[in-house]
Trainee: 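Before I ask anything, let me first share the structure, which is written out below as structure tokens.
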Amino acid sequence: MKQSRIIGTGSCLPERILTNAELEQTLDTNDEWIVTRTGIRERRIAAEGQYTSDLAGGAARQALAMAGLEAADIDLILVATVTGDLSWPATACLVQDQLQATRAAAFDISAACSGFLYALSTADSFLRAGTARRALVIGAEIFSRIVDWQDRSTCILFGDGAGAVVLEMGEGAGQLLGCHLHSDGSQWPLLYQLGYGSRNPAGDQSRNPEHPFIRMQGNEVFKVAVRSLSEVALEALEAQSLTVADVDLLVPHQANQRILEATAKRLGLPPEKVMINVDRYGNTSAASIPIALDEAHRSGRLQPGHLVLLNAFGGGFTWGAALVRW
Ligand code: COA
């Protein structure tokens, strides 16, 4: 049966590593607190002059090379991001230009940390409808430029990076079995960034009493995330008449290690079936799933026939799950 297939993966991480020990120099925090509460030991920080589209382009080139394709073979580019180069145009358009993917339609998807799954599902719909044949689905973020580096409760959590997959319609390995997405807009004040927009007109300082950085009520986010992630994972499995026992690898959004462990425990999934790299990259928002997927693939942790469960939770609130037969 013809379905969307993942035929290439790629990732791109900035070289600069920011360790917890370095954060101790500028913040009232310590390595032990950060590791115990989040599992994060270090994160990557984009260099000056390095933009979200650069990381996205780097990940896309790797994914195209693995798929054995040229940029001209792509007819859809989706970039999941909430930290694009500009308010608009879309970062996807900048990536299209960078790659010279001249045949591709390009636009961004804004679903915060769930963005990659939203983009994957959107690309899958285009492919199934016959509107596109091959899509680049990218998650790319530079959160280091929207966190308040004086706020120890948020800045320690995030990092920069990008991951990408190439999706093609056809038969064979990498079949996307289904995507399940949800949102609850009533919860948006628990996790957001004000930025510029109709609520905060550009240049009007008198109307901007809030600081422009990311804002989060971490405790509340934590509780809702664990419940929602396990519920949507079961929903995705049940839709395919599968159970948790069928899952070979969970590749979750890397929010923090305690959320990952609590979700796995709730699902009854053993720790060795959970892909974790949050210790090295922190929370890279929409980029975390495709980065983790690429690492799992290139390291040989993913084998042909494996059932891979992807799941994510983020601002909005948004959450979702997808299943892939590798
Ligand atoms: N270093 C040291 N102490 C810190 C600190 C830091 N980096 N950040 C916060 N604290 C302090 C707080 O000020 C508070 O001190 P107080 O008791 O004197 O007031 C104390 O630690 C406990 O704070 P609290 O916010 O209750 O901690 P927590 O156990 O909830 O952990 C998070 C905080 C952010 C790690 C946790 O809530 C979390 O992971 N939430 C989910 C966030 C997330 O993943 N968001 C993205 C979803 S996609």
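Atoms within each ligand, like the ligands themselves, are counted from 1 in listed order. Note that these values count all heavy atoms, side chains included, but never hydrogens, waters or copies made by symmetry. Note that the structure is predicted; figures quoted are calculated from it, not measured.
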Trainee: Got the closest protein heavy atom to atom 45 (N) of ligand 1, with its distance?
Mentor: M216 SD, 3.2 Å

Trainee: Using a 4.0 Å cut-off to any heavy atom of T38, which atoms of ligand 1 qualify?
Mentor: 35 (C)

Trainee: Any nitrogen or oxygen of N256 lying under 3.5 Å from a nitrogen or oxygen in ligand 1? Just yes or no.
Mentor: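 N/O-N/O distance under 3.5 Å: yes.
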
Trainee: Atoms of ligand 1 less than 4.0 Å from G218 heavy atoms?
Mentor: 37 (O), 40 (N), 41 (C)

Trainee: I'd like to know whether CD of E24 has more than 12 heavy-atom contacts from other residues, nucleotides or ligands below 6.0 angstrom.
Mentor: yes

Trainee: So which protein heavy atom does atom 34 (C) of ligand 1 come closest to, and at what separation?
Mentor: S153 O, 3.9 Å

Trainee: Compute whether any side-chain donor of one residue and acceptor of the other, for S53 and D85, lie under 3.5 angstrom apart.
Mentor: yes

Trainee: How about atom 23 (O) of ligand 1: does it have a protein heavy atom within less than 4.0 Å?
Mentor: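 Within 4.0 Å: no protein heavy atom nearby.
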
Trainee: Is there at least one protein heavy-atom neighbour under 4.0 Å from atom 32 (C) of ligand 1?
Mentor: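 It does not; no protein heavy atom is within 4.0 Å.
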
Trainee: Is atom CZ of R61 surrounded by more than 12 heavy atoms (other residues, nucleotides or ligands) closer than 6.0 Å?
Mentor: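 Check passes, neighbour count above 12.
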
Trainee: Just need the protein heavy atom nearest to atom 36 (C) of ligand 1, so name the residue and atom and give the distance.
Mentor: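 Looking only at protein heavy atoms, the one closest to atom 36 (C) of ligand 1 is R258 NH2, 3.9 Å.
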
Trainee: Do you see a protein non-hydrogen atom under 4.0 Å from atom 16 (P) of ligand 1?
Mentor: no

Trainee: Would you say atom 20 (C) of ligand 1 has a protein heavy atom nearer than 4.0 Å?
Mentor: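 When distances to the protein are checked, atom 20 (C) of ligand 1 has no heavy atom within 4.0 Å.
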
Trainee: Do E22 and R16 sit within salt-bridge range, that is, some charged N less than 4.0 Å from a carboxylate O?
Mentor: yes

Trainee: Closest by any non-hydrogen atom to atom 3 (N) of ligand 1: pick that one out of E220, Q217, E24, R152.
Mentor: R152

Trainee: Could you report the tightest heavy-atom contact between T19 and R43, atom names first, then the distance?
Mentor: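 Minimum heavy-atom contact is C-NH1, 3.6 Å.
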
Trainee: Quick one: which ligand 1 atoms are inside 4.0 Å of a heavy atom on R37?
Mentor: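 That gives atoms 22 (C), 27 (O), 28 (P), 29 (O) of ligand 1.
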
Trainee: Do we see a donor-acceptor contact under 3.5 Å between the side chains of T284 and E141?
Mentor: no

Trainee: Below 4.0 Å, non-hydrogen atoms only: which portion of L27 touches ligand 1? Side chain, backbone, both or neither.
Mentor: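 Neither part.
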
Trainee: Short list, please: which atoms of ligand 1 are under 4.0 Å from a heavy atom of T29?
Mentor: 1 (N), 2 (C), 6 (C), 7 (N)

Trainee: Taking the basic N atoms (NZ, or NE/NH1/NH2) and the acidic carboxylate oxygens, is any pair closer than 4.0 Å for E261 and R266?
Mentor: no

Trainee: Could you tell me, atom by atom, which parts of ligand 1 come under 4.0 Å of a heavy atom of F313?
Mentor: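 So the answer, numbered in order with elements, is 48 (S).
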
Trainee: Decide yes or no on ring-ring contact (aromatic ring centres under 6.0 Å, His included) for H297 and W326, but give the supporting numbers first.
Mentor: CA-CA 9 Å; H297 186 26; W326 207 252; 5.0 Å; yes

Trainee: Among all protein non-hydrogen atoms, which one is nearest to atom 30 (O) of ligand 1, and what is the separation to 0.1 Å?
Mentor: N219 OD1, 2.8 Å

Trainee: Provide the number and element of each atom of ligand 1 under 4.0 Å from a heavy atom of H253.
Mentor: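 Ligand 1 atoms under the 4.0 Å threshold to H253: 48 (S).
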
Trainee: State whether a side-chain donor-acceptor pair under 3.5 Å links T83 with Y51.
Mentor: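 Short answer, no.
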
Trainee: Assess the side chains of T38 and N256: does a donor N or O sit below 3.5 Å from an acceptor N or O?
Mentor: no

Trainee: Counting non-hydrogen protein atoms only, what is the nearest one to atom 10 (N) of ligand 1? Give residue, atom name and distance.
Mentor: W33 CZ2, 3.4 Å

Trainee: In terms of ring plane angle, is the pair F158 and F143 parallel, tilted or perpendicular, where the classes change at 30° and 60°?
Mentor: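 The rings of F158 and F143 lie parallel, inter-plane angle below 30°.
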
Trainee: May I ask you to list the atoms of ligand 1 that are less than 4.0 angstrom from any heavy atom of N283?
Mentor: 46 (C), 48 (S)

Trainee: Looking only at heavy atoms, is any part of T154 under 4.0 Å from ligand 1, and if so is it the side chain, the backbone, or both, or is it neither?
Mentor: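 The answer is neither.
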
Trainee: Any Lys/Arg nitrogen of E295 or R298 sitting under 4.0 Å from an Asp/Glu carboxylate oxygen of the other?
Mentor: no

Trainee: May I ask you to say whether R134 pairs ionically with D75, meaning some side-chain N is under 4.0 Å from a carboxylate O?
Mentor: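 D75 and R134: not salt-bridged.
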
Trainee: Could you list the atoms of ligand 1 found under 4.0 angstrom from a heavy atom of V221?
Mentor: 45 (N), 47 (C)

